S.K.: 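Next up is a structure, given as structure tokens.
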Amino acid sequence: MKGFLKPRYTQSVNDLMVLWFEPSNQYTIVDNGLFFCLQTYFDTDTEKQCVSLYKKQFQLSSVQAEQLLNDVEKFLTDRNSNIIEESIAQLDHPIEKPNYVLTKYYSSSKKIFCINYESEDLLTYIHPQLAHLETTKYSKTDFYFNLSIKNNLHLLYKNDVFVRAFPTNHYHKLQGRIYMELINALHNKVNHDWIGVFHASTVSNNRDSVMLIGQSGSGKSTFTTLLTCSGYSLIADDNTPLLNTDFNVYHLPNAISTKEGAFNTLRAYIPNIDELENNHLRAYKGAIKYIPALTPDKLQVPCKTLVLINYQKDAATELKRINAKKALEILIPDSWISPKPENAKAFLEWLTTLSFYKLTYSNNEDAILKFRSILPI
């Protein structure tokens with residue numbers, strides 16, 4: 001039947017089908033039943049034919065089969081909706097030049113950059129994650145950012161060129177975009193050179209890497225910190241870029257964000273943790289510390305393993321393989337994935353190279369030992 005676009009790309013991953021719908025840039029993991037429903041919908045000429053096949057396949061009544069057809073059409077309506085871009089006007093330079101009250105200089109990957117902040121609030125959103133890169137040794141900058149506020153919008157400029165505006169109550173979007181611009185500048189790339197920037201932390205043994213994901217409160221950041229204290233290199237915390245030409249993950253030099261509940265655990269591994277500054281963000285009531293990590297020997301490494309972190313009090317340590325569905329339902333929604341068809345195709349291809357695991361633990365040392373079985377050091 002006509003009326004909806006088919007998924008542009010379809011890929012089998014661990015006995016599941018992952019579909020990409022171009023209009024909405026949505027990825028959907030489907031089982032055999034839903035995949036049959038979609039194939040049948042597109043392969044039949046009339047609703048009557050489609051309902052008849054649904055009845056036969058699933059042993060349904062006519063009413064049930066018609067309802068199933070309605071559900072399939074609702075599903076396709078959502079996936080065929082065009083991507084909604086934030087309606088924030090492209091702005092020229094403010095008429096009055098902002099008064100940048102604070103300027104910080106940073107050094108990373110043999111490059112010097114600075115950020116000019118118009119307010120203390122803007123400083124608290126960005127600087128603590130980069131404070132370990134701060135430098136006083138510079139003669140010139142390779143690039144710079146300006147952050148200002150106008151009409152309840154945060155304005156981001158790179159080298160005096162306007163990048164984007166963000167509502168002041170969505171400061172996390174400002175953080176994400178400045179990380180994207182920083183990744184591009186450090187690695188000489190542009191946005192769509194990347195398959196995506198994933199909401200995941202990644203550690204490396206300087207040969208391969210493992211991407212760590214988890215729900216809020218799962219212990220992902222704490223375990224990432226433990227791994228960096230146990231010989232692993234930090235590639236990226238919370239924002240992991242994946243390049244489309246080599247399927248390598250690339251270094252982002254921000255510190256690891258850890259919440260107050262993890263401080264006691266980390267004292268055994270980081271003796272000076274109490275000397276690190278406590279930071280407070282509106283989205284989180286407690287203190288946050290940013291744990292710096294050494295720059296890895298290799299700034300880009302392959303990634304073929306994804307681990308779902310699941311800390312549970314008093315749980316036995318268990319590392320087991322899981323199917324792609326559980327992992328991707330956590331990875332995809334909070335990540336930026338390029339809407340370019342060539343990058344969508346590359347993302348699906350990359351998924352076929354991955355092994356998926358879930359690490360459940362309560363004992364840190366046991367968990368680190370289990371982790372070493374998949375990423376030896």
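Here the structure is a predicted model, which means the values were calculated and not measured.
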S.K.: For Asn364 and Thr265, what are the C-alpha separation, side-chain angles and deciding distance, and is it a side chain to side chain contact (heavy atoms under 4.5 Å, CB included)?
M.R.: CA-CA 9 Å; Asn364 297 326; Thr265 297; 3.3 Å; yes
S.K.: Charged N to carboxylate O below 4.0 Å: is that the case for Lys110 and Asp142?
M.R.: no
S.K.: Phe42 and Phe4: aromatic ring centres closer than 6.0 Å?
M.R.: no
S.K.: Taking Asp366 for its side chain and Thr317 for its backbone only, find out whether a donor-acceptor pair lies under 3.5 Å.
M.R.: no
S.K.: Answer yes or no: is there a side-chain heavy-atom contact under 4.5 Å between Ile115 and Thr103?
M.R.: no
S.K.: Are Phe247 and Trp194, when compared by the centres of their aromatic rings, separated by less than 6.0 Å?
M.R.: no
S.K.: Are Asp274 and Arg267 ion-paired here, with the side-chain N under 4.0 Å from a carboxylate O?
M.R.: yes
S.K.: May I ask you to check whether Tyr290 and Asp237 show a side-chain donor-acceptor distance below 3.5 Å?
M.R.: no
S.K.: Checking Asp78 against Gln26 for the side-chain hydrogen bond (donor to acceptor under 3.5 Å, both in side chains) test, could you report, in this order, the C-alpha distance in whole Å, the side-chain angles of both residues, the deciding distance, and whether it holds?
M.R.: CA-CA 9 Å; Asp78 175 70; Gln26 286 195 57; 3.1 Å; yes
S.K.: Could you verify whether a donor N or O on one side chain and an acceptor N or O on the other, from Lys137 and Ser107, lie under 3.5 Å apart?
M.R.: no
S.K.: Any heavy-atom pair between the side chains of Leu319 and Ile374 that's under 4.5 Å?
M.R.: yes
S.K.: Under a 4.5 Å cut-off applied to non-hydrogen side-chain atoms, are Thr202 and Leu212 in contact?
M.R.: no
S.K.: Check the pair Gln129, Gln175 against side chain to side chain contact (heavy atoms under 4.5 Å, CB included), reporting the backbone distance first and the verdict last.
M.R.: CA-CA 10 Å; Gln129 298 96 309; Gln175 291 173 324; 3.5 Å; yes
S.K.: Is Met180 reachable from Phe198 through a run of I, L, V, M, F, W or Y residues, each pair having side-chain heavy atoms under 4.5 Å apart?
M.R.: no
S.K.: Quick one: does any side-chain atom of Ser24 pair with a main-chain N or O of Arg79 as donor and acceptor, under 3.5 Å?
M.R.: yes
S.K.: Assigning hydrophobic clusters by single linkage (Ile, Leu, Val, Met, Phe, Trp, Tyr; side-chain heavy-atom cutoff under 4.5 Å), is Leu252 placed with Ile126?
M.R.: yes
S.K.: For residues Phe35 and Leu328: do they belong to one hydrophobic cluster (side chain heavy atoms under 4.5 Å, members Ile, Leu, Val, Met, Phe, Trp, Tyr)?
M.R.: no
S.K.: Do Leu76 and Ile29 belong to the same hydrophobic cluster, where Ile, Leu, Val, Met, Phe, Trp and Tyr are linked whenever their side-chain heavy atoms lie under 4.5 Å apart, directly or via other members?
M.R.: no
S.K.: Counting distance only, does the side-chain N/O of Ser373 pair as donor-acceptor with the main-chain N or O of Leu369 below 3.5 Å?
M.R.: no
S.K.: Under 6.0 Å between ring centres, would you say that holds for Tyr361 and Phe223?
M.R.: yes
S.K.: Can you name the nearest heavy-atom pair linking Ala346 to Ile195, along with the distance?
M.R.: CB-CD1, 3.8 Å
S.K.: With the side chain counted from C-beta on, respond yes when Ser230 and Arg372 share a heavy-atom pair under 4.5 Å apart, and no when they do not.
M.R.: yes
S.K.: Tell me if a side-chain donor or acceptor on Ser221 pairs with a main-chain N or O of Ser257 at a distance below 3.5 Å.
M.R.: yes
S.K.: With distance as the sole criterion, is a donor-acceptor pair present between the side chains of Glu66 and Asn70 under 3.5 Å?
M.R.: no
S.K.: Would you call the rings of Tyr171 and Tyr125 parallel, tilted or perpendicular, taking 30° and 60° as the class edges?
M.R.: parallel
S.K.: I need the Tyr105 OH to Leu133 CG distance, nearest 0.5 Å.
M.R.: 15.5 Å
S.K.: Using modelled atom types and a 3.5 Å cut-off, is there a donor and acceptor pairing between side-chain atoms of Thr222 and backbone atoms of Ala262?
M.R.: no
S.K.: Taking the side chain as every heavy atom from C-beta outward, state whether Pro241 and Val249 have any atom pair closer than 4.5 Å.
M.R.: no
S.K.: Is the gap between the ring centers of Tyr117 and Tyr100 under 6.0 Å?
M.R.: no
S.K.: Tyr106 and His132: aromatic ring centres closer than 6.0 Å?
M.R.: no
S.K.: Any donor-acceptor pair under 3.5 Å linking the side chain of Asn205 with the backbone of Asp208?
M.R.: yes
S.K.: Mind telling me whether Tyr232 and Phe371 have parallel, tilted or perpendicular rings, with 30° and 60° as the class edges?
M.R.: perpendicular
S.K.: Any chain of hydrophobic side-chain contacts (each under 4.5 Å) joining Trp350 to Val307?
M.R.: no
S.K.: Using distance alone, with no hydrogens and no angle criterion, decide if Lys289 and Asn278 have a side-chain donor and acceptor under 3.5 Å apart.
M.R.: yes
S.K.: How about Glu120 and Leu102: do any of their side-chain heavy atoms sit closer than 4.5 Å?
M.R.: yes
S.K.: Quick one: are Pro253 and Ser108 in side-chain contact, heavy atoms under 4.5 Å?
M.R.: yes
S.K.: Might you work through the side chain to side chain contact (heavy atoms under 4.5 Å, CB included) test for Ile256 and Thr228, ending with a clear yes or no?
M.R.: CA-CA 10 Å; Ile256 305 171; Thr228 63; 4.0 Å; yes
S.K.: Check the pair Tyr41, Glu73 against side-chain hydrogen bond (donor to acceptor under 3.5 Å, both in side chains), reporting the backbone distance first and the verdict last.
M.R.: CA-CA 9 Å; Tyr41 183 88; Glu73 289 186 328; 3.2 Å; yes
S.K.: Please tell me whether Asp15 and Asn323 have a donor and an acceptor in their side chains that are separated by less than 3.5 angstrom.
M.R.: no
S.K.: Is Glu329 salt-bridged to Lys325, cutoff N-O under 4.0 Å?
M.R.: yes
S.K.: Would His192 and Ser338 count as a side-chain hydrogen bond (donor to acceptor under 3.5 Å, both in side chains) if you check the C-alpha gap in whole Å, the side-chain angles of each, and the deciding distance to 0.1 Å?
M.R.: CA-CA 6 Å; His192 293 296; Ser338 170; 2.7 Å; yes
S.K.: Is Asn310 reaching over with its side chain to a backbone N or O of Leu359, donor-acceptor style, under 3.5 angstrom?
M.R.: no
S.K.: Side-chain donor-acceptor pair under 3.5 Å between Asp246 and Tyr250, yes or no?
M.R.: yes
S.K.: Do any N or O atoms from the side chain of Arg8 and from the backbone of Leu19 form a donor-acceptor pair under 3.5 angstrom?
M.R.: no
S.K.: Say you draw a straight line from CG of Asn116 to CG of Leu147; how long is it, rounded to the nearest 0.5 Å?
M.R.: 8.5 Å
S.K.: Just by distance, do the side chain of Glu260 and the backbone of Ala287 share a donor-acceptor pair under 3.5 Å?
M.R.: yes
S.K.: Do the non-hydrogen side-chain atoms of Phe356 and Asn14 ever get within less than 4.5 Å of each other?
M.R.: yes
S.K.: Quickly, which of Phe143, Tyr144, Phe162, Phe145 forms a ring pair (Phe, Tyr, Trp, His ring centres under 6.0 Å) with Tyr157? Name it, please.
M.R.: Phe162
S.K.: When you measure from the side chain of Ser52 to the backbone N and O of Gln49, does any donor-acceptor pair fall under 3.5 Å?
M.R.: no
S.K.: Between Asn191 and Asn184, is the side chain to side chain contact (heavy atoms under 4.5 Å, CB included) condition met? List the steps.
M.R.: CA-CA 7 Å; Asn191 288 359; Asn184 287 338; 2.7 Å; yes
S.K.: If you round to the nearest 0.5 Å, how far is CD1 of Ile330 from CD1 of Ile213?
M.R.: 5.0 Å
S.K.: Checking Lys55 against Ser61 for the side-chain hydrogen bond (donor to acceptor under 3.5 Å, both in side chains) test, could you report, in this order, the C-alpha distance in whole Å, the side-chain angles of both residues, the deciding distance, and whether it holds?
M.R.: CA-CA 6 Å; Lys55 285 176 62 177; Ser61 67; over 6 Å; no
S.K.: Verify the distance criterion only: is there a donor paired with an acceptor across the side chains of Lys111 and Asn188 at less than 3.5 Å?
M.R.: yes
S.K.: Under a 3.5 Å cutoff, is there a donor and acceptor pairing between the side chains of Trp20 and Asn25?
M.R.: yes
